[in-house]
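What follows is a short report on a single structure.
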Amino acid sequence: MQPQQILKKYFGYDTFREHQLEVIQKIIAGEDAFVLMPTGVGKSICYQIPSLIRRGVGLVISPLIALMQDQVEALRQNGICAEFLNSSQSREEAQRVEKRVMSGEADILYVAPERLLSESFQRFLRKFPIALFAIDEAHCVSQWGHDFRPEYLKISEVTDHFPDVPRIALTATADAVTRRDIFEKLKLTHAAQFVSSFDRANICYRVLLKSKDKQQLHHFIHSEHPGQPGIVYVRTRNRADQIAYWLQNQGMAALSYHAGLDPHARTQRQRRFLQDDGLIIVATIAFGMGIDKPDVRFVAHLDLPASMEAYYQETGRAGRDGQPADAWMLYSLSDVVAMRRLLDQSEGEEEFKRIQRQKLEALLGYCEAVECRREALLGYFGEKYPAPCRNCDNCSQTVAAWDGTVAAQKALSCVYRTGQRFGAAHLTDILVGDTNQRILSLKHDRLKTFGVGKELSKNEWRSVYRQLLAAGLLSVNIGKISGFRLTEKSWPVLRGELQVRFRTDPRPLTKEKIKKISPKQPPYLIDDAARLLFEKLRRLRLDISKKRGVPPFVIFHDSTLTSMAALRPKNHEELLQITGIGERKAEQFGDAFLKAIHTGRSIPRD
Ligand code: ADP
Ligand code: ZN
């Protein structure tokens, strides 16, 4: 069978995405390949299809034991004979799997790297033909990456024994050092490289000013993602627990997840997140690698992430299925202050701190951006994006900028004249000429800067201070003294040698104002009837998945349900036209879904 036919028959897709077919053809021809694609683009098909076409079993090396079972289950639901071997199985189970592999029944076998390296497994490898070696999460081979696995260094010792078997290394981690390491350590000298754009077109990026974070979050979820799965990132364990509890009290299904929970609770909560249809996880960064859930509809940051890299990774967990998804972040003056303080207090070499400072500045620059967020985000990773993207807050509204040179001078001079030990609230009071008790007792009403800033509101002055901090034109004290202090960069501003531009903080956008791109396929749910039907199909999917003990997305993706609800197929033939329904799934679930589409009062026909 041709790759194209397999794509349709087993996966139910009509066309390949960028690079998929080229990679598949290389591997079928017996050559090595290196695939760098962002999460959610479709790396797995690049080795799954050649495994079906080439003689023998496709061997997939993957560090994510917790995911293997789901991956294998998803393939089986598509009618593909896949197996896995890892430490979670009993001896008997493992033996059964080995039998199926040796008899030629299985097409794909997932193994953990530890298993691959064991002597007994290497003897086992000699007993059947191998179609290919797929090295998933290949960045684990690099000490520079964030998930170094020493076992990965030895993979090539095993594959060296099979010079005729093609190898394909896959990762979503982009940076140059890691990439070089992958090539070197896996000895991929002759591998063809396939690098995709890192743009995640279906994700809508938004950054808002924080005022009442819990209420803002609640409003966002309630109005845009009711009952849908999502991840909320916060900085501390305590906060994760508190926010989750608060959301529960608002009637939302939410659980916290952080490193303070015992391993059992962690596994259980992760499992529930995968299997439930609408759970919200409030997490610290401990909730990370291995969250391979395609239908996460939003990722919300209530606190700033650690860096742009972290932001890209964390937001990248939204919308892996290609359906519209939101990356929504709140930040405030106090976040900026907290981050700056953390940085200055951190111990370490000057060089290390300098890099950290640059990273923080890049992140704050992203938050304060006046232009397309996507352009800024991809630009950080060295990719030139032709703005506007029309799927971020800044592309949906004009963010005004103003000449803030004079305001900056007033704000900085106020810091200086009060002895560099006060924060935004007090400084703002002085600038607008507020005669409160504190001002009077400190005699700050006699300062030259008292009342010189009446042209701006208190909020606007807070915004000025925030942006000065973000741009590094101002910093914070550490240790016992609180408040702001000037930096080297403040002086050129005070002397009038440097012009400063500020953005006018935009009002938060309502859902309607965000011009979301409509995904090309499948059709979006335009009418109420289709939306109702979608919910009905979603319930059916949940029932089926519970009965089978698999996550709902293993049955059908949201996009497939969306298409069904919009197109209302009448028979199996029409079902098979829908993206994501292959022959096996049509056979297994077709009748149940057709029945749900065409019965019941709540779904009037067009
Ligand atoms: P990655 O490993 O790159 O994060 P996956 O291989 O899990 O991504 O694929 C992401 C999603 O995209 C999956 O749901 C997959 O079924 C879907 N997908 C992959 N290739 C195609 C395609 N050609 N057409 C439509 N959907 C696809
Ligand atoms: Zn944009």
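As the structure lists them, so they are numbered: ligands from 1, and atoms in each ligand from 1. For reference, positions follow the sequence shown, starting with 1.
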Inspect the surroundings of [atom1] in [X] and state if more than 12 heavy atoms from other residues, nucleotides or ligands are less than 6.0 Å away.
X: His219; atom1: NE2; answer: no
X: Lys8; atom1: NZ; answer: yes
X: Glu535; atom1: CD; answer: yes

Next on the checklist: Going by side-chain hydrogen bond (donor to acceptor under 3.5 Å, both in side chains), Arg538 matches just one of Asp277, Asp558, Thr562. Which one?
Outcome noted: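 Of all the options given, the one that passes is Asp277.
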For Thr284 and Tyr233, work out which heavy atoms get closest and say how close.
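Thr284 and Tyr233 have their closest heavy atoms at O-CE2, 3.7 Å.
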Next on the checklist: Tell me whether Asp321 reaches ligand 1 (any heavy atom closer than 4.0 angstrom to a ligand atom).
Outcome noted: no
Discussion item. Would Gln20 count as a contact residue for ligand 1, given that I'm defining contact as a non-hydrogen atom of the residue lying under 4.0 Å from a ligand atom?
Written reply: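 The answer is yes: ligand 1 sits under 4.0 Å from a heavy atom of Gln20.
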What lies under 2.8 Å from the Zn ion (ligand 2), restricted to protein N/O/S atoms, is Cys372 SG, Cys389 SG, Cys392 SG, Cys395 SG
- Item | From the candidates Ser196, Gly580, Ala172, Gly42, the one that places a heavy atom nearest atom 8 (O) of ligand 1 |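 It is Gly42 whose heavy atom sits nearest to atom 8 (O) of ligand 1.
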Find all atoms of ligand 1 within a distance of less than 4.0 Å from any non-hydrogen atom belonging to [X], and give their numbers and elements.
X: Thr15; value: 22 (C), 23 (N), 24 (N)
X: Ile45; value: 19 (C), 20 (N)
X: His557; value: 13 (C), 14 (O)
X: Ser44; value: 2 (O), 5 (P), 6 (O), 7 (O)
X: Phe16; value: 23 (N)
X: Thr39; value: 4 (O)

Using a heavy-atom cut-off of under 4.0 Å, does the side chain or the backbone of [X] touch ligand 1, or both, or neither?
X: Val41; result: backbone
X: Pro294; result: neither
X: Tyr13; result: side chain
X: Asp14; result: neither

ask   = Which is it for Phe220 and Phe298 under the ring pair (Phe, Tyr, Trp, His ring centres under 6.0 Å) test, yes or no, and what are the steps along the way?
value = CA-CA 10 Å; Phe220 164 66; Phe298 66 90; 5.6 Å; yes
Distance-only donor-acceptor hits, side chain of residues 543-551, under 3.5 Å, sequence neighbours excluded:
residue : atom : partner : partner atom : Å
Ser545  : OG   : Arg541  : O            : 3.4
Ser545  : OG   : Leu542  : O            : 2.9

Scan the side chains in residues 57-70 for donor-acceptor partners under 3.5 Å anywhere in the protein, sequence neighbours excluded, and list what turns up.
residue : atom : partner : partner atom : Å
Ser62   : OG   : Leu64   : N            : 3.3
Asp70   : OD1  : Arg271  : NH2          : 3.2

Inset, instruction - Tell me whether the centres of the aromatic rings in Tyr366 and Tyr380 are closer together than 6.0 Å. - result: no
query = Quick one: do Arg297 and Asp295 make a salt bridge, cutoff under 4.0 Å?
reply =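 Salt bridge between Arg297 and Asp295, a charged N being under 4.0 Å from a carboxylate O: no.
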Exercise for review: Identify whether the distance between the nearest side-chain nitrogen and carboxylate oxygen of Asp303 and Lys210 falls below 4.0 Å.
Suggested key: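 Counted as a salt bridge, because a side-chain N and a carboxylate O are separated by less than 4.0 Å.
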Per-pair distances, 0.1 Å, donor-acceptor, side chain in residues 33-50, under 3.5 Å, sequence neighbours excluded:
residue : atom : partner : partner atom : Å
Lys43   : NZ   : Met37   : O            : 3.1
Gln48   : NE2  : Tyr110  : OH           : 3.3

